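Protein chains get the first letters and strands the later ones, always in sequence-line order, with residue 1 at the start of each. Remember, it's a predicted structure, so these values are computed and weren't measured experimentally.
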2 protein chains.
Amino acid sequence: MSQAAADNRNSPDTRERILDAAEWLFAEHGFDGTSMRQITSQASVNLAAVNYHFGSKEALFHEVFHRRLNQLNLLRLQELDKLEQEAGEAPLKPSQVLEGFFGPALEMAADTTHGGHTFMRLLGRTYTEPAEFVRKFMAEEYAEVMERYTVALYRSLPDVPRAEIVWRLHFMMGAVSYAISGIDALALVTGRFDDDPALLKPRLTSFLLGGLRAPLPEQVTNAVKGEK
Amino acid sequence: MSQAAADNRNSPDTRERILDAAEWLFAEHGFDGTSMRQITSQASVNLAAVNYHFGSKEALFHEVFHRRLNQLNLLRLQELDKLEQEAGEAPLKPSQVLEGFFGPALEMAADTTHGGHTFMRLLGRTYTEPAEFVRKFMAEEYAEVMERYTVALYRSLPDVPRAEIVWRLHFMMGAVSYAISGIDALALVTGRFDDDPALLKPRLTSFLLGGLRAPLPEQVTNAVKGEK
DNA sequence: ATTGCAATCAAACGTTCGTTTGAATGCTAA
DNA sequence: TTAGCATTCAAACGAACGTTTGATTGCAAT
């Protein structure tokens, strides 16, 4: 083939520099709020480099996402594989499912030196991202993990209606997302809290478990009759 | 003074039409993703009308927010006033505080005919909004309500460390915000759920109460000694 | 009738946007 | 040494952006 493409990794680091700069800027200012000139300037590359290496701004955004979301998905699936293997036929405990799902995300969010934290902030914001093409590939790249974990949650809570479980998973993702991405936002609102960030994970897991195992609301209990 | 300004309500409806159109477009495409031309076109007004009536795009965004957030703040404070008056000296129950805080928000979110739903979607997204000026006035307009409700929560949970309460309030706001603003986003991920939207409020309150009253994580219990 | 002013309008302002172009650069393989 | 090709670069593209301008409209008070 071509010369530098021997290891399929053209251009020693300008691709990576672009991805890192874009990741940070997208997290900081959003997709529409970040310009190509900001990205290439912060990455110290030529303006045309993004279009040369990635094709377009949208494709760059997608690649920024894919790079780390892929890793996160792998970690989550590995955790679940391990847990299910250890459990054999038995259903997992809800706390185990949560640990498998949110553990890797929180650990990635705690990594402030390799961009993991930046990416998790970006991920949290992107759930509510308006842009159409973002929703599209988010759903695609999330599909397998969400499918496996919802099934695992169903099994771990056999007496809880499935719709309720889906909702609570939704609520939990919201809580985690805010905890990760919106810390400074809340600090503005409630006054700063000079607090040990290492305590975030135990705080969150305790809260999430409490919510997940909360008694069903009356209206739902009454409405559900013949559901499995 | 001037003629039409007799009731301080110039121009029968073009201001309102602009605000409504902007509210929807900002919720749908974000601040940077919405253009003046989209707004004025959807409102069927001249392009210059926004700058004439509001001064700038940022000022328009601020006004879109102020219009409804003011109402939401009033409702929340009224609820709290009523609850505290009924309780006399006694602290409120946590469920009451949550009802006062999230009740008005959820009711506003359920109002799909007067723009309340649209605004709550916008509000949810704006917590994670990158733009600086947005954070600024969000914090200002939220300050009083947050102050009063955190104090009420402190009193309702006297044995829980205050830092923990603030965190859990944060988590709860995340869950609610997602529940309101990201419904379609999650639908993409987990498959649609054809579900009664009237059940959202009981579902949420149950989940939130479970999380709020969850046992403290060990690490926190161990770390806290002399705190009130 | 006429004056005054709030409101609306079409048109243009200068700037910034994402993207494209075509030439220069530098390394690799022949 | 030379040919080939991936990469970088300065420059420019047309389009869209938020905002401003100056004329026009239409009603209310004189």
Side-chain angles (χ1 to χ4, degrees), chain A residues 1-26 28-65 129-134, chain B residues 1-26 28-65 129-134:
Chain A
M1 308 296 169
S2 54
Q3 54 276 56
D7 57 333
N8 197 17
R9 260 310 173 106
N10 311 2
S11 146
D13 54 345
T14 104
R15 270 183 62 102
E16 298 290 326
R17 289 222 307 285
I18 291 174
L19 286 171
D20 291 339
E23 182 175 63
W24 190 84
L25 285 165
F26 284 146
E28 202 71 13
H29 305 114
F31 179 75
D32 289 312
T34 301
S35 74
M36 298 289 245
R37 287 164 176 84
Q38 284 178 274
I39 296 170
T40 51
S41 167
Q42 182 156 129
S44 300
V45 300
N46 186 272
L47 171 61
V50 168
N51 291 280
Y52 176 76
H53 284 284
F54 300 96
S56 69
K57 187 185 178 186
E58 290 195 358
L60 169 62
F61 189 87
H62 193 160
E63 186 58 32
V64 164
F65 247 83
E129 169 71 34
E132 180 85 9
F133 80 97
V134 175
Chain B
M1 305 296 168
S2 55
Q3 53 279 52
D7 59 333
N8 196 17
R9 258 313 173 102
N10 312 4
S11 142
D13 53 346
T14 104
R15 269 183 63 102
E16 298 290 327
R17 288 222 307 285
I18 291 174
L19 287 171
D20 290 340
E23 182 174 64
W24 189 83
L25 285 165
F26 284 146
E28 202 72 12
H29 305 114
F31 179 76
D32 289 312
T34 301
S35 74
M36 298 291 243
R37 286 164 176 84
Q38 283 178 273
I39 295 170
T40 52
S41 167
Q42 183 155 128
S44 300
V45 301
N46 186 270
L47 171 60
V50 169
N51 291 279
Y52 176 78
H53 285 284
F54 300 95
S56 68
K57 186 185 178 185
E58 290 196 358
L60 169 62
F61 189 87
H62 193 160
E63 186 58 31
V64 165
F65 247 83
E129 169 71 32
E132 180 84 7
F133 80 98
V134 175

Phosphate-side-chain proximity, A:His53 and D:dT8, N/O vs OP1/OP2 below 4.0 Å: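 For D:dT8, OP1 or OP2 has a side-chain N or O of A:His53 closer than 4.0 Å.
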
Contact under 4.0 Å: B:Thr14 side-chain N or O vs C:dT8 OP1/OP2: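 For C:dT8, OP1 or OP2 has a side-chain N or O of B:Thr14 closer than 4.0 Å.
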
Heavy-atom closest contact (B:Ile18 atom, B:Ala49 atom, distance):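 Reported closest heavy-atom pair: CD1-CB, 3.9 Å.
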
Minimum heavy-atom distance A:Ala22-A:Leu60, with the two atoms named: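 The pair with the smallest heavy-atom distance is CB-CD2, 3.8 Å.
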
Cut-off 3.5 Å, no hydrogens considered: what does the side-chain donor-acceptor table look like for residues 39-48 of chain A, sequence neighbours left out?
{"unit_1": "A:Thr40", "atom_1": "OG1", "unit_2": "A:Met36", "atom_2": "O", "d": "2.9"}
{"unit_1": "A:Thr40", "atom_1": "OG1", "unit_2": "A:Arg37", "atom_2": "O", "d": "3.4"}
{"unit_1": "A:Asn46", "atom_1": "OD1", "unit_2": "A:Ala48", "atom_2": "N", "d": "2.9"}

Donor-acceptor pair, side chain of B:Gln38 and main chain of B:Ser35, under 3.5 angstrom: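 Yes: the side chain of B:Gln38 pairs with the backbone of B:Ser35.
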
N/O donor-acceptor pair under 3.5 Å between A:Lys57 side chain and A:Phe31 backbone: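 Such a contact is found between A:Lys57 side chain and A:Phe31 backbone.
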
Rounded distance in Å - CZ (A:Phe26) to C1' (C:dG18):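 Between C1' of C:dG18 and CZ of A:Phe26: 12 Å.
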
Nearest-Å distance for atom pair CZ/C1', residues A:Arg17 and D:dT7: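 So the two atoms are 13 Å apart, to the nearest Å.
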
Rounded distance [0.5 Å steps], CD in B:Glu16 versus CD in B:Glu23: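 With rounding to 0.5 Å, CD (B:Glu16) is 10.0 Å from CD (B:Glu23).
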
Side chain proximity check, B:Glu63 to B:Arg15, heavy atoms < 4.5 angstrom: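 Sidechains of B:Arg15 and B:Glu63: in contact.
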
Degree of bending, the helix from C:dA1-D:dT30 to C:dC27-D:dG4 (end axes from five pairs; round to 10°):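 For the helix from C:dA1-D:dT30 to C:dC27-D:dG4, the axes at either end differ by 0°.
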
Output a table of nitrogen or oxygen pairs between the protein and nucleotides 14-21 of chain D separated by less than 3.5 Å.
{"unit_1": "D:dC17", "atom_1": "OP1", "unit_2": "B:Ser35", "atom_2": "OG", "d": "3.4"}
{"unit_1": "D:dG18", "atom_1": "OP1", "unit_2": "B:Thr34", "atom_2": "O", "d": "3.4"}
{"unit_1": "D:dG18", "atom_1": "OP1", "unit_2": "B:Lys57", "atom_2": "NZ", "d": "2.7"}
{"unit_1": "D:dG18", "atom_1": "OP2", "unit_2": "B:Met36", "atom_2": "N", "d": "2.8"}
{"unit_1": "D:dG18", "atom_1": "N7", "unit_2": "B:Arg37", "atom_2": "NH1", "d": "2.9"}
{"unit_1": "D:dG18", "atom_1": "O6", "unit_2": "B:Arg37", "atom_2": "NH2", "d": "2.9"}
{"unit_1": "D:dT19", "atom_1": "OP2", "unit_2": "B:Asn51", "atom_2": "OD1", "d": "3.4"}
{"unit_1": "D:dT19", "atom_1": "OP2", "unit_2": "B:Lys57", "atom_2": "N", "d": "2.9"}

